[in-house]
Amino acid sequence: MSREIWIRLGADMRALRESAGVSLRQAEARSGWGRGTLSQVENGKARPSRTLVEWYEQAFDADGLLLSTYAEARGAHRSEYRDSPAPHVLDGDAFECANPLLPVGALVRAGRTVTVGWTLHNTGTVSWTGRQLRRVGAHAAAQLLGSPRAVDLPDCPPSGTVDARIEVTAPATPGTLAAYWQIVDARSRPCFPIAHLLCTVLVVR
């Protein structure tokens, strides 16, 4: 489940570098990392070290977004190797996500608690019963968006819709932060192998 977040992190690193008008050759010269390594990281084929993520943060003024995503990916990776249930994917199970309560990059005051959420459409043939939204990675830390570990998802028949709602608390430190959730069944097994629900907010004083 962590792979998608690592890929997202690499894509964000590449987007920030390109928007700054810096080529891979220039990034190599400035950072000390080889172009091959940088390219593999940006394309999701290799996992970056924290030191490399910190260099991208500072070089391209990421405002905390890259370190936030890195922390989520590391937390998800650790949880996969700590007795976490394997995904339980059922034939015909599918969903679509719409109507996010907060737009990407929404401004949130430091220390403020807000509600994030989405409308989930059951587009498959499997009824949803006893499911939850579970946070991917750490759900509480000084420089992360705080949230419950998991919240219940209303039951939903095929072709039905449910509103998923989660209370999140912005940390005291300003920055751009990301958080991810996954849909799990009553036994905490991920229902979809790669689908995550993402919220990104800009924390301001």
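With a 4.5 Å cut-off on side-chain heavy atoms, Val41 and Trp33 do not count as touching. Using a 4.5 Å heavy-atom cutoff, the side chains of Pro158 and Val126 are not in contact. Residues Leu52 and Met13 meet the side-chain proximity criterion, which asks for heavy atoms closer than 4.5 Å. Contact of the Leu101 side chain with the Val116 side chain is not registered, since no non-hydrogen atoms from C-beta on lie closer than 4.5 Å.
Between Tyr180 and Glu72, the closest heavy-atom pair is N-OE1, 3.4 Å. The two residues Pro148 and Ile166 have their closest heavy-atom pair at CD-CG2, 4.1 Å. Contact record, Leu133 with Trp118: CD1-CZ3, 4.3 Å, taken as the closest heavy-atom pair.
Expressed to the nearest 0.5 Å, how far CG of Leu197 lies from CD of Gln182 amounts to 9.5 Å. The distance from the CG atom of Asp155 to the CZ atom of Arg131 is 9.5 Å, given to the nearest 0.5 Å. Summarising the geometry, atom CG belonging to Leu120 is positioned 8.0 Å from atom SG belonging to Cys156; distances are rounded to the nearest 0.5 Å. Atoms CD1 and CZ, on Ile5 and Arg8 in that order, are 10.0 Å from each other to the nearest 0.5 Å. Phe192 contributes atom CZ, which lies 8.5 Å from atom CG of Leu90 (distance to the nearest 0.5 angstrom). Arg74 contributes atom CZ, which lies 6.0 Å from atom CH2 of Trp6 (distance to the nearest 0.5 angstrom).
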Decide side chain to side chain contact (heavy atoms under 4.5 Å, CB included) for Tyr56 and Glu42; before the verdict, give the C-alpha distance in whole Å, the side-chain angles of both, and the deciding distance to 0.1 Å. CA-CA 11 Å; Tyr56 269 74; Glu42 290 185 357; 2.7 Å; yes

What do the steps show when you test Leu177 against Leu144 for side chain to side chain contact (heavy atoms under 4.5 Å, CB included), and what is the final call? CA-CA 7 Å; Leu177 305 176; Leu144 295 178; 5.7 Å; no

I'd like to know whether Ser188 forms a side chain to side chain contact (heavy atoms under 4.5 Å, CB included) with Arg134, so could you lay out the CA-CA distance, the side-chain angles of the two residues, the decisive distance to 0.1 Å, and finally the verdict. CA-CA 8 Å; Ser188 296; Arg134 187 177 66 189; 3.5 Å; yes

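In summary, the side chains of Glu167 and Thr115 do present a donor paired with an acceptor at a separation below 3.5 Å, with no hydrogens or angles considered. For Thr119 and Asp163, the side-chain atoms include at least one donor-acceptor pair closer than 3.5 Å. Looking at Ser147 and Arg135, their side chains do bring a donor and an acceptor atom within 3.5 Å of each other.
Proximity of a side-chain donor or acceptor of Gln26 to a complementary backbone N or O of Ser23 within less than 3.5 Å is detected. Here the side chain of Arg25 pairs no donor or acceptor atom with the backbone of Arg35 at under 3.5 angstrom. With hydrogens and angles disregarded, no donor-acceptor distance shorter than 3.5 Å links the side chain of Ser39 to the backbone of Gly36. Checking side-chain atoms of Asn122 against main-chain N and O of Pro157 turns up a donor-acceptor pair under 3.5 Å.
Criterion: ILVMFWY side-chain heavy atoms under 4.5 Å apart, direct or through other members. Under it, Leu145 and Val151 are part of a common hydrophobic cluster. Neither Val184 nor Leu153 shares a network with the other; the hydrophobic side chains, linked directly or stepwise wherever heavy atoms of I, L, V, M, F, W or Y lie under 4.5 Å apart, form separate groups for each. In the hydrophobic cluster analysis, where Ile, Leu, Val, Met, Phe, Trp and Tyr join through side-chain heavy atoms closer than 4.5 angstrom, Val162 is grouped together with Ile183. Hydrophobic clustering keeps Ile7 apart from Leu16 (ILVMFWY residues linked when any side-chain heavy atoms are closer than 4.5 Å, directly or through intermediates).
Think of Leu202 as one node in a network of Ile, Leu, Val, Met, Phe, Trp and Tyr side chains linked at under 4.5 Å; its network also takes in Leu107, Val204.
In this structure, Asp152 does not pair ionically with Arg165, as no charged nitrogen and carboxylate oxygen lie closer than 4.0 Å.
Within the structure, salt bridge (Lys or Arg N to Asp or Glu O under 4.0 Å) pairs that include any residue of residues 172-193 comprise Asp185-Arg189 (at least two apart or interchain).
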For residues 60-71, please give each side-chain donor-acceptor pair under 3.5 Å, one per line with the distance, not counting sequence neighbours.
{"residue": "Asp63", "atom": "OD2", "partner": "Thr176", "partner atom": "N", "Å": "3.4"}
{"residue": "Asp63", "atom": "OD2", "partner": "Thr176", "partner atom": "OG1", "Å": "2.8"}
{"residue": "Ser68", "atom": "OG", "partner": "Ala178", "partner atom": "N", "Å": "2.9"}
{"residue": "Ser68", "atom": "OG", "partner": "Ala178", "partner atom": "O", "Å": "3.2"}
{"residue": "Thr69", "atom": "OG1", "partner": "Leu65", "partner atom": "O", "Å": "3.0"}
{"residue": "Tyr70", "atom": "OH", "partner": "Arg50", "partner atom": "N", "Å": "3.4"}

